[in-house]
Amino acid sequence: MKRTKISALLQMIPQGQMVNLKGWVRSFRNNQFVALNDGSTLHNFQVVLNMKAVGEGMLKRITSGACISVTGSLLASQGKGQSAEVMAKEIEVLGDCDPEKYPLQLKNRPSLEYLREIAHLRFRTNTFGAVFRVRNTLAYAVHQFFNEKGFVYLNTPVITASDAEGAGEMFRVTTLNIKNPPLNENGEIDFREDFFGRSTNLTVSGQLEGELGAMALSEIYTFGPTFRAENSNTTRHLAEFWMIEPEMAFYDLNDNMDIAEEMLKYVIKYALEKNNHDIDFLAKRAEEEEKQKPQQERAEMGLLEKLKFSVEHDFARITYTEAIEILRNCNHNKKKKFQYLVDSWGIDLQSEHERYLVEKHFKKPVILTDYPKAIKAFYMRQNDDEKTVRAMDILFPGIGEIVGGSQREERLEKLEQRMRECNLPIQELNWYLDTRRFGGCPHAGFGLGFERLVQFVTGMGNIRDVIPFPRTPKNAEF
RNA sequence: UCCUUGGUAGCUCAGCUGGUUAGAGCACAUGACUGUUAAUCAUGGGGUCCCUGGUUCGAGCCCAGGCCGAGGAGCCA
């Protein structure tokens, strides 16, 4: 008999029809009621069995975590917790689960930290089931959004030879024998003998290659893994993460902000509709967690409120210069409550400053633009004031920077001048500069940290809990 | 990498001023139970107190070094 997913069973009208369902046992009560979950939805489905008919041998095998297949009739439930249930006629154990050895005991309320240690099993919890269903929806929505807009999904290389992108420390890729590498005349490692005939790394950004695509296809986006070998130990950094990088010809900074804001709202709204049960559950979970915190640290809005608010209101848009003025004149600064006081133009904003702007002053997502050029990357377009660049960062409550982007410098001389100032090897990036030499045009783009987006929508506090198998310093298990 | 903080049963935690045999809840095992909702009830087993060294008559507790986790900072998405 063909299997029916639990998500589909819940939609059916129970009329005693025969159905088959398969899934993992969440709990077994009174030797009679099995709560079965197959991951198609947050909800479990209740299977009722006749303990005498089933037999003691089979009864003992229905343990928490076991995988079973049940065939029986779909009936209206006599109990209160659910509207329908399956009266089992046939039960098959697809996979036994020894309860004494099974590390995931759901009734123990295992901590997120513990579940991270058994990441191969944590999908079987309500929380992680919900998180990864939402993650899937968000990924799908990103593709759908760009597809509707006529963007071309472009795959940029994971292995790159360029180490001049300046986005962070890189992981080396090599097939050389690290115990005994070949050396050149100067006694240095001879990468001519390496697999690619040169030194290579894992990508820290697909942006430069993305720009090349945009200079012909007009609008492209990438969505792929990105690697940074920074020794970052925070709730919002991973060594391996997924980044979405759109790059658009003929867009200026305003167009860039418009499409970034539109996209964020689109995907959040999409998830709110598609995964409302999961997000409701995650919202309750987040609320429980908030209650553990001291009153002062609690967020003013719940997860659902926060998501709906973000979708319904315009993001605040201010320049770096305006932000400095707000911060300099705010009571918080005057009372010297910032660890780093805001006194002069040109300073890099600290997390506490960004958080103040987003969480206290505007109380909604904020787009900061036109940063001093000294604190931003070489490829950002210089403003006429010679001091600032057409950068934009989108800051979200609780997460911080979720998007970083800019209008790109399309003027060859200005770009080369910046590269010299930043000590970048112009020769190595000749292919990049060619787009400015041959039919260049104004263009813009941004990078969106996918896991940070998933964090925002799921309300999960730690980025390690929104990617199946997190890679962080000293951790690459599974 | 820096600052703060933690590591005690399978899990979540308590453990007083350094003192005899280290506790609880849940989980697990055994038994009971045909309308349960984290089922319930009874009984039972279960410990490298993170590691190494030191102080002490005596260390889960004090000291030093290390390992690992969490929160914050920096770097950023």
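In the text below, chain A, chain B and the rest are named by the order of the sequence lines, each starting its count at 1.
The closest side-chain donor-acceptor pair between A:Glu85 and A:Ser77 falls under 3.5 angstrom. Of the N and O atoms on the side chains of A:Tyr432 and A:Glu211, at least one donor lies less than 3.5 Å from an acceptor on the other residue. Under 3.5 Å, the side chains of A:Arg29 and A:Ser27 contain a donor-acceptor pair of N or O atoms.
Here the separation of B:G6 from B:U43, taken at their C1' atoms, is 36 Å to the nearest Å. The gap from the C1' atom of B:G65 to that of B:A73 amounts to 25 Å, rounded to the nearest Å.
Of the options A:Thr369, A:Val389, A:Leu349, A:Thr388, a side-chain contact (heavy atoms from CB on, under 4.5 Å) to A:Tyr320 is made by A:Leu349 and by none of the others.
Each of B:C33, B:A73, B:G35 was ranked by its minimum atom distance to the side chain of A:Asn31; first place goes to B:C33. The side chain of A:Met87 lies closest to B:G35 when the candidates are B:G35, B:A77, B:C76. The side chain of A:Glu113 lies closest to B:G69, out of B:G69, B:A27, B:A29. Candidate nucleotides B:A70, B:A39, B:U36 were compared by shortest atom distance to the side chain of A:Gln82, and B:U36 ranks first. Out of B:G74, B:G71, B:A39, the shortest distance to the side chain of A:Ser351 is found at B:G74. Listed candidates were B:A77, B:G35, B:G74. Nearest to the side chain of A:Arg236 is B:G74. In the set B:C11, B:A29, B:A27, B:A27 carries the atom at the smallest distance from any side-chain atom of A:Gln105. Comparing B:C75, B:G72, B:G35 by their closest approach to the side chain of A:Thr234 singles out B:C75. Of the candidates B:A39, B:U37, B:U30, the closest approach to any side-chain atom of A:Lys80 belongs to B:U37. Proximity note for A:Arg116 (side chain, C-beta onward) versus B:A38, B:G71, B:A70: the nearest is B:A70.
Residue side chain A:Ser232 reaches the base of B:C75 through a donor-acceptor N/O pair under 3.5 Å, judged by distance alone. A donor and an acceptor atom sit less than 3.5 Å apart, one in the side chain of A:Gln78 and one in the base of B:G35. Put simply, the side chain of A:Arg29 and the base of B:C33 share no donor and acceptor less than 3.5 Å apart. Counting atom types as modelled, A:Asn108 pairs a side-chain N or O with a base atom of B:G10 as donor and acceptor under 3.5 Å.
One atom, CG of A:Asn50, and another, P of B:U34, lie 10 Å apart when rounded to the nearest Å. The distance between atom CD of A:Glu289 and atom C1' of B:A70, rounded to the nearest whole Å, is 12 Å.
Residue A:Thr235 places no side-chain N or O under 4.0 Å from the OP1 or OP2 atom of B:G71. Dashed line: the shortest gap from a side-chain N or O of A:Asn30 to OP1 or OP2 of B:U36 is not under 4.0 Å. When the side-chain nitrogen and oxygen atoms of A:Arg26 are compared with OP1 and OP2 of B:U37, none of them lie within a distance under 4.0 Å. At B:A39, one or more side-chain N or O atoms of A:Ser27 fall inside 4.0 Å of OP1 or OP2 (strictly under the cut-off).
The OG1 atom of A:Thr222 sits 8.0 Å away from atom CD1 of A:Ile244, with the distance rounded to the nearest 0.5 Å.
Here A:Arg418 pairs with A:Glu421 in a salt bridge; the nearest charged N to carboxylate O distance falls below 4.0 Å.
B:A32 is paired with B:U40 under the criterion used here, namely a Watson-Crick or G-U wobble arrangement in which both key atom distances are under 3.5 Å.
Looking at heavy-atom distances under 4.0 Å, A:Glu85 makes contact with a base.
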